[in-house]
Structures are given as C-alpha cells and as structure tokens.
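Because only heavy atoms are used, hydrogens play no part in the values below, and waters and symmetry mates are left out as well, while side chains stay in. For ligands, and for the atoms within them, numbers begin at 1 and follow the listed sequence.
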Amino acid sequence: MLEELLTKLREITADAEASLAQAKNEGDIDAVKNKTIGRSGAITALSPMMGKLPPESKRDAGKAFNEAKTKIQNALSEARKKLEDSELSDMPAIDVTLPGRKWPLGRKHPLSQTIDECCAIFRRMGFVAVSGPEIEDIWHNFDALNAPLTHPSRDPKDTFYLPDGRLMRTQTSAVQIRTMEKQKPPVRIVSPGRCYRRDTPDATHGVYFHQIEGLYIDKNVSMADLKSTLRQFASEYFGREVKVRMRPSFFPFTEPSLECDFSCVMCGGKGCGVCKNSGWLEIVGAGMVNPKVLENVGYNPEEVQGFAFGFGLERLAMIKHRINDLRIFSDNDLRFLQQF
Ligand code: PHE
C-alpha cells in the first residue's frame, strides 16, 4: 500500500514538472495546479488512502505528501517567473538617446494677472475678494442701486436682457447689493468680474469687459478713507510717484459721487497722446454709498455709512502694459499672451 502511494506521488510530481517545462502561458500553469494540488487534483484525491495505511507507515506517507506538494509548488512559481521574464524580454527596447518630450508651460492671461494683482493690493488693506453672478436680476443691477426707471443704462439698446426678464449684469455694483443683503456691517469687499454692455466693439469698447468693485461699510467711514484707499492703490499698482485727484461726478448709488483720476503714467503728468494732453487718466468711479441704497438692503444709514468704487480692468492693464487695443485680450493670439 505504502509503495503504491509513493509511486503514484512520484509519477504525479514528475508529470507536473514535465508539463510546467512546456507551459506557454498563465492558463497552462493554472491547469497543472488544478490537476495536482488543486481541490479536485490528483494529489488531493490520494489523501483518503492515507487513512487506510497501517500506523507505522503513516509518518512516511505524510512526509511524501508534503514533499510532493512542495516540489509542485516550487515548480509552479518557477514556471510563473520564467513566463514573466520572457514577457519582459519581448518588450521593445527603450532608446535612451531620444530627446525628451517638451511640456510647454502655460501662462495666466494678462487680465487674470491684473485681477490677481488688484485683489492682492486691496487684500493688504483688509478687503476680501468675493464674486457674484454674471446673469443678474433687475433688482440687484438697477433697482436696489437706486437707478431711476428712466436711467438710460436700463434701455435694451444698452443692456442685454434675457427672455426671462433677467439681464447680463452691466456693472459689478450688483455685488454690493448681494453682499450687503447677506452680511451685516462691517463690510469690506472687492469684487472683480465680467460685465456686459451693448457697445459697438472698437479699440476701447467690447460687448463685455471686466470691472472691479470695492465696498467699505462701517461706523465712521469718511471720504478721507476713500481717498487714501484709492491713493494707496494707485501707488502700489502704478508706482509711488502717481498722484490722484478727485472730481465731482454722478452715480445713482453714491452721494456725493466723484471720479478719481491718476496722473498720467506715460508722461508723468506733462501731457501726451495717452492722456490727451491733460496729464490725467480717468480711472475710477466712486462715492459715498447713497443712504437709499443702505435702506434698500436693510441697513440703517444713521448708524453706518461707507464708500464704493469701481473701475475697468482692461483699461488699467492697457495703461500699465502700453496696450492700445482692447480686442487683443480676447484674440487668443499666443504671440501676445506669451509676453506676460
Ligand atoms: N458702477 C459704476 C460704473 O460702472 C462705477 C462705480 C462703482 C461708481 C461704485 C461708483 C461706485 O461706471
């Protein structure tokens, strides 16, 4: 009985080793495993014979079983390794002398850079950057900002209305309202973003452009705060030598309203083509927030007041980088974009 068992084990092992030497793929190897040490394999099928052996033979038989199993397992791993190696050597060789691949670096669009730069300057003065929707309702873009019903900017000739009665915002001032509706004073925000107006495109007008809005509401905010904020901005963006001046103006949402000019950065204020020989560049619309606007958002104008300002970002970037046509910002011409 023992002899018979040992012979069978030897046969199965030799057979398995021979088959594995011929194995060409994963499937061949698995088949050998299933046929021998698998759950319904030949070795497994022999184990009941063990029980029938006389007690003195059991030790030898057990040893023989273990040896056979180990041998087959070793042969299986060897076959797997051989297969892997041959797969590797079938791979095409790598030519290490080939030049590397170039990954051209992208750049931030000059307008995005301008937005970042402005936000950073205002952030240092404590202004938080927020954004608002480009599709606005009439309340936020006009009504709450105290724009009279007859105001020309409401005319569909000037503003893009959507079929549902909403509109493409014409100014970032709408974000003033959205912010104050959500937040109690104090408020100190800037909001850069795209605005839309029905203009005929030329070198200084497009159907859309970018503005940045500023709003500061607190107790005891004065015109002096507005002036120092704008002066600080001018000196950080254009340089310390830049002067600012303020002229009376009109906006429905500020009272008093003013326009802030920066001394011309091209000619230093002497007069040139860019400043139309005036020595000054009109940059910012601003003013003290109209008490009616504060009431519209539920603030008490007896308790808090503040200032607001807004200016065009294309114009700012054009002056700083000596660009004479605004359309170039949206042409996607790499020769232009790569200069920034
Ligand atoms: N919204 C104004 C414009 O588009 C600019 C402005 C903003 C003026 C805030 C005063 C205060 O011209």
Answer yes when [X] and [Y] have at least one side-chain N-carboxylate O distance shorter than 4.0 Å, and no when they do not.
X	Y	result
Asp199	Arg197	no
Asp85	Lys81	yes
Asp137	Arg169	no

Practice item. Classify the angle between the aromatic ring planes of Phe329 and His109 as parallel (below 30°), tilted (30 to 60°) or perpendicular (above 60°). Key: tilted
Are there any protein N or O atoms under 3.5 Å from the N or O atoms of ligand 1? List them with distances, or say none.
unit_1	atom_1	unit_2	atom_2	d
ligand 1	1 (N)	Gln171	OE1	2.9
ligand 1	1 (N)	Ser173	OG	2.9
ligand 1	4 (O)	Arg197	NH2	3.0
ligand 1	4 (O)	Gln211	NE2	2.8

Point to revise | Aromatic Tyr208 / basic Arg194 pairing, under 6.0 angstrom, 45° off normal | key: yes
Check your understanding: Between Phe262 and Lys243, is there a cation-pi geometry (under 6.0 Å to ring centre, at most 45° from the normal)?
Key -> no
